[in-house]
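Report on the structure given below.
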2 protein chains.
Amino acid sequence: MVETRLLKQFIAVAEELHFHRAAARLNMAQPPLSQAIARLEDRLGFQLFIRSKREVALTLAGSAFLETAYTTLNHLETGIQRARDVAGGVAGRLTVTTVSLAYYEPVLDALRQFRKSLPNVELVIQEMPSSHQVKALMTGNSDVAFMRHMPIPNSIRSRKVLEESILLALPIDHPSVNKRSLDLSDFAQEDFVFTPQALGPGYYHQLMALCETAGFYPRIKQEAAQLHTLVGLVASGFGIALLPECMANAVLNHKVAFCPLRPIGDDSNAVLGLYMNWHHDNASPLLTKFIGMIETHSERHSAQACQLDWTDST
Amino acid sequence: MVETRLLKQFIAVAEELHFHRAAARLNMAQPPLSQAIARLEDRLGFQLFIRSKREVALTLAGSAFLETAYTTLNHLETGIQRARDVAGGVAGRLTVTTVSLAYYEPVLDALRQFRKSLPNVELVIQEMPSSHQVKALMTGNSDVAFMRHMPIPNSIRSRKVLEESILLALPIDHPSVNKRSLDLSDFAQEDFVFTPQALGPGYYHQLMALCETAGFYPRIKQEAAQLHTLVGLVASGFGIALLPECMANAVLNHKVAFCPLRPIGDDSNAVLGLYMNWHHDNASPLLTKFIGMIETHSERHSAQACQLDWTDST
DNA sequence: TTCAGTAATACGCTGTGCATATCAAACTTG
DNA sequence: CAAGTTTGATATGCACAGCGTATTACTGAA
C-alpha cells in the first residue's frame with residue numbers, strides 16, 4: 001500500500017534531488033528518508049531514482065510517477081477542502097421546491113441572497129404540487145418546500161413565511177365593485193371559478209371553509225389549475241373568484257377588481273399563509289442557513305406588509 | 001496527514017455502512033476500525049458518519065469525501081500502473097532523429113513494428129543535420145540518431161545499420177552508360193554536382209576521398225543539399241554525380257543512369273554506411289527494445305541485400 | 001425482562017518508521 | 001597526493017501508531 005507520506009517524501013527527494021536537503025525539508029533525518037524511498041520503490045516494483053554515490057537522478061518511470069504523486073496529493077487536498085466546505089455549509093446542494101405561485105418577495109429575496117453569499121452552493125428550484133413536495137421532503141429529494149397548508153407527517157417542521165388576505169375578484173363592471181366593503185355572504189348566488197381540489201388541497205379547503213362561514217356553498221362554474229387563469233376567467237365573465245392578495249399585484253388586469261372582504265366572526269380563514277417546510281432529520285448546514293435567511297427576510301417583509309395594510313385600511 | 005490506508009478503511013465503512021462487516025472485509029477487528037475512522041474524522045476536521053447506537057449513515061460531507069476517496073485511490077493506482085509500464089518499456093516516449101535520406105526499409109520496418117508492438121509509446125521522429133543530432137543525443141533530446149558518419153564523442157554508441165554502394169549517376173545519353181563497368185578515374189575531367197560540405201560532412205568527405213583514391217580532385221559545377229536535386233541536375237546535364245544506391249530505387253528518372261564503379265584498391269570508401277547512434281548513459285528500456293528491433297531488421301535486410309548484389313553482378 | 005446486535009472504550013503488544021551513529025565512496029583542495 | 005568534505009547507504013535502538021482481545025454501553029426485538 002502506497003501511503004501519502006511516501007508520496008510526500010518522494011516528491012521532496014525528486015524536487016531536491018538530494019537526500020539531505022529533502023530530509024531537512026521534511027523535518028527528518030536523512031537515513032530514514034533513504035529507507036523510505038527504498039521502501040516505496042520496493043512497493044511500486046520499479047526504481048524511482050538512479051543513485052550514483054555522488055548524485056541522484058530520476059528514472060523515466062520516476063519522472064512519470066512524480067506527475068502522479070503531484071496530481072494525487074493535489075486531488076486529495078482539493079477533495080478534503082471541498083468536503084470541509086460541504087460540512088461547513090458553504091458548498092453542496094440545496095433543493096427548494098415550491099407550489100407555482102409562491103414567488104413572493106421575501107422568498108425571492110432570500111433565494112437571491114443565498115445564491116450571492118454562497119456561490120459554491122448548487123441551488124436547485126423545482127415546482128411541484130404540495131403532495132409531491134411532502135414526499136420529496138420525506139425521501140430527501142427536497143430540502144425546503146414552500147406550500148400553503150401545514151403538512152401532516154410530524155417529522156416535518158413548518159414555519160409560516162407570510163400571510164395575505166383573501167380578496168374577492170370581481171369583473172370591473174360588477175355592481176358591487178364600488179362598495180366600501182363587501183360581505184362574502186352577499187355573493188352566495190354568484191357563479192364561482194375555483195382551483196381543482198386535487199391540487200393544493202389546503203388552499204381549496206380553506207376557501208371552502210370561508211364560504212361555509214359566510215353561510216353558503218359556492219356554485220362552481222369552472223375550474224382552472226393556475227391562479228392566473230382564474231383571473232382571466234373572472235375578466236371574461238365566467239364568474240367571481242376568491243384569490244390571495246398577491247394576484248392583485250402580479251396581474252395588472254384592468255378588467256378585474258380585487259375587493260377586500262369584511263371579516264366574519266373568526267376570520268382565521270380569511271388570511272392565506274405560505275409555509276416553509278423541512279424534514280426534522282435533515283442535518284444539512286445549508287438548510288439551517290437557508291431557514292435563517294428566510295426568517296430574516298420574512299420578518300422584515302411582514303413588518304412592511306403590516307404597515308402597508310394599516311395605511312390601506314385608513 | 002491522510003494516509004491511503006485511512007481512505008481504504010473509510011471506503012469500506014461507507015460502502016458497508018456497518019463497522020463489523022467493513023472490518024471483516026479489511027481483515028481486521030472492529031474496534032481498531034472504529035478508532036481509525038475517528039482518527040480520520042479528527043484529521044479532516046469534520047464528521048464523516050452519523051452513528052446512532054444502532055446504525056451508521058454518511059453525512060453530506062462524508063458523501064462528498066467518498067467521491068474524493070474513490071477518485072484519489074483510482075488515480076494513484078492508474079498512475080502507478082502507468083509508471084510501471086514506463087519502467088517496463090511498454091509506455092513512454094522515444095525520440096528518433098534522422099538525416100533526410102535515411103528512410104530505408106530496415107529502418108522503416110523497425111519503426112512500423114515498434115509502433116505496432118508498443119502502441120502506448122509516443123514515437124517522435126525528427127529530421128535534422130548530423131551535427132544537430134549529436135547535440136540532441138548529448139542533451140537527451142534524442143534517443144536514437146540515424147546518420148552517415150561515426151560521431152566523435154565517446155559517450156555515444158554506434159552501430160552500422162546498412163551499407164550501400166556508391167554509384168555513378170550519368171545522364172542517359174552519356175557515352176559511358178553502356179559500358180559493363182566503369183573506372184572512376186576515367187571521369188576526372190567531368191563536371192560534378194555535389195552536396196555542400198556543411199551538411200553531412202561525413203558523406204562529403206567520403207566521396208572526396210573516393211575521388212582522391214581515383215587520382216583526381218572533382219571539379220564541382222554545382223551544389224545542392226537534397227540528393228533528389230542532384231539527380232535532377234544530372235538529368236539536366238549540369239554534370240555527373242556520385243550517389244548512394246538507394247537513389248536508383250527511389251527516383252525513377254529515365255534521364256539518369258546509375259552505374260556501378262569498379263573497385264579501386266581499398267574500396268572502403270566505395271560503400272556508404274548508415275549508422276544508428278545512441279547515448280551510452282541512456283537507460284530507457286524503450287531504447288534497448290528499439291535497438292534490438294533495428295538490429296533484427298538490419299540483419300535480415302542485409303542478408304537480402306547481399307543476395308541481390310550477387311545476382312546483379314552475374 | 002432478557003437476548004441479540006451494534007459501536008465505543010480499555011489495555012497490552014507488535015511492527016513500522018524514526019533518530020543517532022557510522023560507513024563507504026567520490027569529488028575537492030591545500 | 002593525502003586529508004577533508006560531501007554524498008548516500010547501513011546498523012542499531014527506540015517510540016508510538018495502529019492492531020487484537022476483552023469488555024462496556026446502548027438499542028431494539030422476543
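Remember, it's a predicted structure, so these values are computed and weren't measured experimentally.
The shortest distance between the side-chain N/O atoms of A:Arg51 and the OP1/OP2 oxygens of D:dT7 is not below 4.0 Å.
Using bins of under 30°, 30° to 60° and over 60° for the plane-to-plane angle, the ring pair B:Phe65/B:Phe10 lands in the tilted bin.
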Q. Yes or no on side chain to side chain donor-acceptor pair (under 3.5 Å) for A:Ser34 and A:Gln30, after CA distance, side-chain angles and deciding distance?
A. CA-CA 6 Å; A:Ser34 288; A:Gln30 168 264 318; 3.1 Å; yes

(Q) Apply side chain to side chain contact (heavy atoms under 4.5 Å, CB included) to residues B:Asn141 and B:Thr95 and explain how you reach the verdict. (A) CA-CA 7 Å; B:Asn141 287 332; B:Thr95 304; over 6 Å; no

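Put simply, NE2 on A:His20 is 7 Å from P on D:dG8, counting in whole angstrom units. Distance, B:Phe19 CZ to D:dC26 C1': 15 Å, rounded to whole Å. The interatomic distance linking B:Leu6 (CG) with D:dC19 (C1') rounds to 13 Å, in whole Å.
Taking for each of B:Gln30 and A:Asn27 the nucleotide of DNA chain C with the nearest heavy atom, the 5'-most of the two is the partner of B:Gln30. Map B:His18 and B:Pro31 each onto its nearest nucleotide of DNA chain C; the residue landing nearer the 5' end is B:His18.
No side-chain heavy atom of A:Ser117 sits under 4.5 Å from any side-chain heavy atom of A:Lys289.
Counting non-hydrogen atoms under 4.0 angstrom, B:Glu3 reaches nothing in the nucleic acid.
Note on B:Arg25 versus B:Glu15: salt bridge recorded, some NZ/NE/NH1/NH2 to OD/OE distance being below 4.0 Å. Salt-bridge check for B:Asp109 with B:Arg112: passed, with a basic side-chain N closer than 4.0 Å to an acidic carboxylate O.
Taking every nucleotide of DNA chain C with any atom under 4.0 Å from a non-hydrogen atom of chain B, the first and last of them, 5' to 3', are C:dG5 to C:dC11.
The structure places CD1 of B:Ile125 at 11.0 Å from OG of B:Ser142, a figure rounded to the nearest 0.5 Å.
Taken residue by residue, residues 32-43 of chain B places heavy atoms nearer than 4.0 Å to DNA chain D at B:Pro32, B:Gln35, B:Arg39, B:Arg43.
Remark: the backbone N or O of A:Met1 is paired with a side-chain donor or acceptor of A:Arg43 at under 3.5 angstrom.
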